[in-house]
Asks: 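Take this structure first; my questions come after.
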Amino acid sequence: MPELPEVETVRRGLAPVLAGGRIVRVEQRRGDLRFPFPPDFAARLAGRRILDLRRRAKYLLADLDGSETLVMHLGMSGSFRIDGDVQGFFHHPRDKSAAHDHVVFHMESGARVTYNDPRRFGFMLLVPTKELNAHKLFKGLGVEPLGEALDSAFLARAFKGRAAPAKALLLDQRLIAGLGNIYVCEALHRCGISPLKAGGKLVTVAGKPSAALARLPEAIKKVLEEALAAGGSSLRDHRQADGSLGYFQHSFRVYDREGAACPTPGCKGTVARVAQSGRSTFFCPECQK
DNA sequence: ACACTATCCTGCAGGC
DNA sequence: TGCCTGCAGGATAGTG
């Protein structure tokens, strides 16, 4: 569920409560999410200060005193909620099943931060901070899509010789880390590239990026930045940490809009939906070639 | 190496 | 109303 804009929105919402704060107690209400929790997980967190709350790809990283980092992934349905006696945050009613409240962080400030995850595809683990980059989850991760490393030359190298469709390549976290189904569909529509097109065919023989590929990095960055400004997209689960909804879903041009008129100016096409590797792809066959 | 699938889990929408 | 099927923002292990 949460792609980069949603995870970053969560990070920004949690940072005022977590970063610099001390964890006094952690309630861990089950033994596993996607994976088992680390041994003595709750006990190892108790009493520790969170030095910084960062994001890499779709991971939230809480650097703790004692040189360990709490790594958190929201999977498809994970979310955090802040409540308790916190100045600056309203107390919003529980609108999700408490049965899926799996972890509660009790902060010294009085804030409670609750992790809810119905599908339990999310996970948490503890990694020594200096070993993070070498950790198996992180060492193969691709570039941050909002960083300078993502440009047309990078994409030309990444796509060269690849038979896989553009959609699959953009979803591959080993190339670009942070995109998911929604923003890949939206970015490809914005630059007029068909999600079905083989990656290699978007690169010219001379090795220079094609015009279409040259537009792709900007399309990716723009859609992510617009989504960030909107607090992410709220379809089913995503909420900002203060409980408010993201609203970028109202700005989708193709995602979940099968049958709608293509919003590209002058285009007479209709948004289509196809399955690619078992997942829905939305695109306009008229203006995405 | 690469491409594709099945799979983890729950909730919800749509069809009958 | 209820039962059934399929689908959902992710990522990996396993297959050919």
Side-chain angles (χ1 to χ4, degrees), chain A residues 1-10 29-36 55-60 71-80 95-102 115-125 135-142 145 157-188 195-201 223-224 227-228 230-240 245-252 254-259 273-282:
Chain A
M1 58 148 355
E3 307 183 29
L4 186 152
E6 290 73 38
V7 177
E8 178 62 21
T9 296
V10 168
R29 296 183 177 168
R30 53 179 298 131
D32 62 86
L33 294 171
R34 182 185 182 94
F35 308 118
R55 178 193 59 77
R56 167 73 170 113
K58 300 172 193 170
Y59 295 92
L60 279 174
V71 176
M72 296 172 279
H73 195 289
L74 305 178
M76 293 275 274
S77 59
S79 63
F80 283 97
D95 57 347
K96 292 183 164 188
S97 170
H100 301 305
D101 286 349
H102 303 308
Y115 180 70
N116 182 288
D117 188 354
R119 293 175 73 179
R120 305 203 302 274
F121 287 176
F123 57 88
M124 296 188 187
L125 58 115
H135 191 277
K136 124 185 183 179
L137 288 174
F138 295 93
K139 74 174 179 214
L141 275 184
R157 283 195 303 277
F159 284 17
K160 189 172 187 209
R162 298 292 299 265
K167 165 95 183 290
L169 294 173
L170 293 179
L171 281 175
D172 188 340
Q173 304 297 300
R174 295 168 299 185
L175 299 177
I176 303 171
L179 300 179
N181 208 30
I182 292 175
Y183 299 108
V184 166
C185 291
E186 292 296 313
L188 286 170
L196 309 173
K197 185 112 167 177
K201 301 216 166 184
V223 74
L224 294 179
L228 265 173
S233 304
S234 294
L235 296 189
R236 294 160 191 82
D237 302 293
H238 168 70
R239 291 201 164 227
Q240 306 194 41
L245 296 167
Y247 53 88
F248 191 71
Q249 65 277 13
H250 303 301
S251 301
F252 291 166
V254 289
Y255 184 84
D256 205 20
R257 293 180 55 82
E258 181 182 17
R273 167 182 157 157
V274 296
Q276 285 183 285
S277 42
R279 312 190 59 193
S280 287
T281 295
F282 298 90

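Proteins get letters first, then strands, A, B, ... in listed order; numbering begins at 1 in each.
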Asks: Identify whether any heavy atom of R273(A) sits under 4.0 Å from a base atom; if not, whether one sits that close to sugar-phosphate; answer base, sugar-phosphate or nothing.
Replies: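 Here R273(A) touches the backbone only, sparing every base.
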Asks: Between OG1 of T281(A) and CD of Q276(A), what distance do you get to the nearest 0.5 Å?
Replies: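 Those atoms lie 3.5 Å apart.
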Asks: Which of the following nucleotides, dT5(B), dG11(B), dA3(B), is nearest to the side chain of A164(A)?
Replies: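 Taking heavy atoms from C-beta onward, the closest nucleotide is dA3(B).
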Asks: Report the distance from atom CG of L74(A) to atom C1' of dG9(C), rounded to the nearest whole Å.
Replies: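 It is 11 Å, rounded to the nearest whole Å.
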Asks: Under 4.0 Å: is that the gap between some side-chain N or O of S280(A) and OP1 or OP2 of dA8(C)?
Replies: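 Answer yes for this pair, as a side-chain N or O of S280(A) is under 4.0 Å from OP1 or OP2.
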Asks: Mind calculating the distance between CZ (R30(A)) and P (dC9(B)) to the nearest angstrom?
Replies: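 Interatomic distance, CZ of R30(A) to P of dC9(B): 9 Å.
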Asks: Nearest 0.5 Å, please: how far is OH in Y115(A) from OG in S79(A)?
Replies: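 Answer rounded to 0.5 Å: 7.5 Å.
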Asks: Taking only the side-chain nitrogens and oxygens of R119(A), find out if one of them lies under 4.0 Å from OP1 or OP2 of dA8(C).
Replies: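 R119(A) to dA8(C) OP1/OP2: no side-chain N or O under 4.0 Å.
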Asks: Is there a donor-acceptor pair closer than 3.5 Å between any side-chain N or O of E6(A) and the backbone N or O of G232(A)?
Replies: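 Such a contact is absent between E6(A) side chain and G232(A) backbone.
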Asks: Which sits closer to the 5' end of DNA chain B, R34(A) or G161(A), going by the nucleotide each is nearest to?
Replies: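 Checking each residue's closest nucleotide, the 5'-ward one belongs to G161(A).
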Asks: Give a yes/no on whether any side-chain N or O of R279(A) is located under 4.0 angstrom from OP1 or OP2 of dG10(C).
Replies: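 Indeed, a polar side-chain atom of R279(A) lies that close.
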Asks: Rounded to the nearest 0.5 Å, how far apart are CG of D172(A) and NZ of K167(A)?
Replies: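 Answer for the CG-NZ pair, D172(A) versus K167(A), is 13.0 Å.
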Asks: For M76(A) and dT7(B), what is the distance between atoms CE and P respectively, to the nearest whole Å?
Replies: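 It is 16 Å, rounded to the nearest whole Å.
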Asks: Under 5.5 Å between ring centres and under 30° between planes: does that hold for F121(A) against the base of dA11(C)?
Replies: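 So F121(A) does not count as stacking on the base.
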Asks: Rounding to an integer number of Å, can you tell me how far E258(A) CD sits from dA13(B) P?
Replies: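 Answer to the nearest Å: 18 Å.
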Asks: Please work out which of the three classes, parallel, tilted or perpendicular, describes the rings of H73(A) and F123(A), given edges at 30° and 60°.
Replies: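 Plane angle under 30°, so parallel.
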Asks: Does L179(A) reach the side chain of L4(A), with side-chain heavy atoms less than 4.5 Å apart?
Replies: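 A side-chain contact under 4.5 Å is absent here.
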Asks: Check the distance between dG10(C)'s C1' and Y255(A)'s OH and give it to me in whole angstrom.
Replies: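 It is 12 Å, rounded to the nearest whole Å.
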Asks: For nucleotides dG9(C) and dA3(B), find the distance between their C1' atoms and express it as a whole number of Å.
Replies: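 Looking at atom C1' only, dG9(C) and dA3(B) are 23 Å apart.
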Asks: Pairing of DNA chain C as dot-bracket, 5' to 3': ( ) intra-strand, [ ] crossing, | other strand, . unpaired, with Watson-Crick or G-U pairs under 3.5 Å?
Replies: .|||||||.|||||||
Asks: Could you label the plane-to-plane angle of the F282(A) and Y255(A) rings as parallel, tilted or perpendicular, counting under 30° as parallel and over 60° as perpendicular?
Replies: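 F282(A) vs Y255(A) ring planes: perpendicular.
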Asks: Using only side-chain N and O atoms of H100(A), determine if any of them is under 4.0 Å from OP1 or OP2 of dC9(B).
Replies: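 Checking dC9(B) against H100(A), no side-chain N or O comes under 4.0 Å of OP1 or OP2.
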Asks: Just how far, in rounded Å, is C1' of dC12(B) from CG of D256(A)?
Replies: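 These atoms are roughly 13 Å apart.
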Asks: When you measure from the side-chain N and O atoms of R174(A) to the phosphate of dA11(C), is any distance below 4.0 Å, counting only OP1 and OP2?
Replies: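 Negative; the distance criterion is not met.
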Asks: Between atom CG of D101(A) and atom CZ of F80(A), what is the distance when rounded to the nearest 0.5 Å?
Replies: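 Going from the CG atom of D101(A) to the CZ atom of F80(A) covers 11.5 Å.
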Asks: Would you kindly give the CZ-to-C1' distance between F123(A) and dC9(B), to the nearest whole Å?
Replies: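 Going from F123(A) (CZ) to dC9(B) (C1'), I get 15 Å.
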Asks: For dC3(C) versus dC9(B), give the span between their P atoms, rounded off to a whole number of Å.
Replies: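 The answer is 23 Å between these two P atoms.
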Asks: Take atom CG of L245(A) and atom C1' of dG9(C), then tell me their distance rounded to the nearest Å.
Replies: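 Atom-to-atom, L245(A) to dG9(C), this comes out as 15 Å.
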Asks: Please work out if A163(A) contacts a base, only the sugar-phosphate, or nothing of the nucleic acid, heavy-atom cut-off 4.0 Å.
Replies: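 Contact class for A163(A): sugar-phosphate only.
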Asks: Within the structure, does a side-chain N or O atom of K167(A) lie under 4.0 Å from either OP1 or OP2 of dA3(B)?
Replies: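 No.
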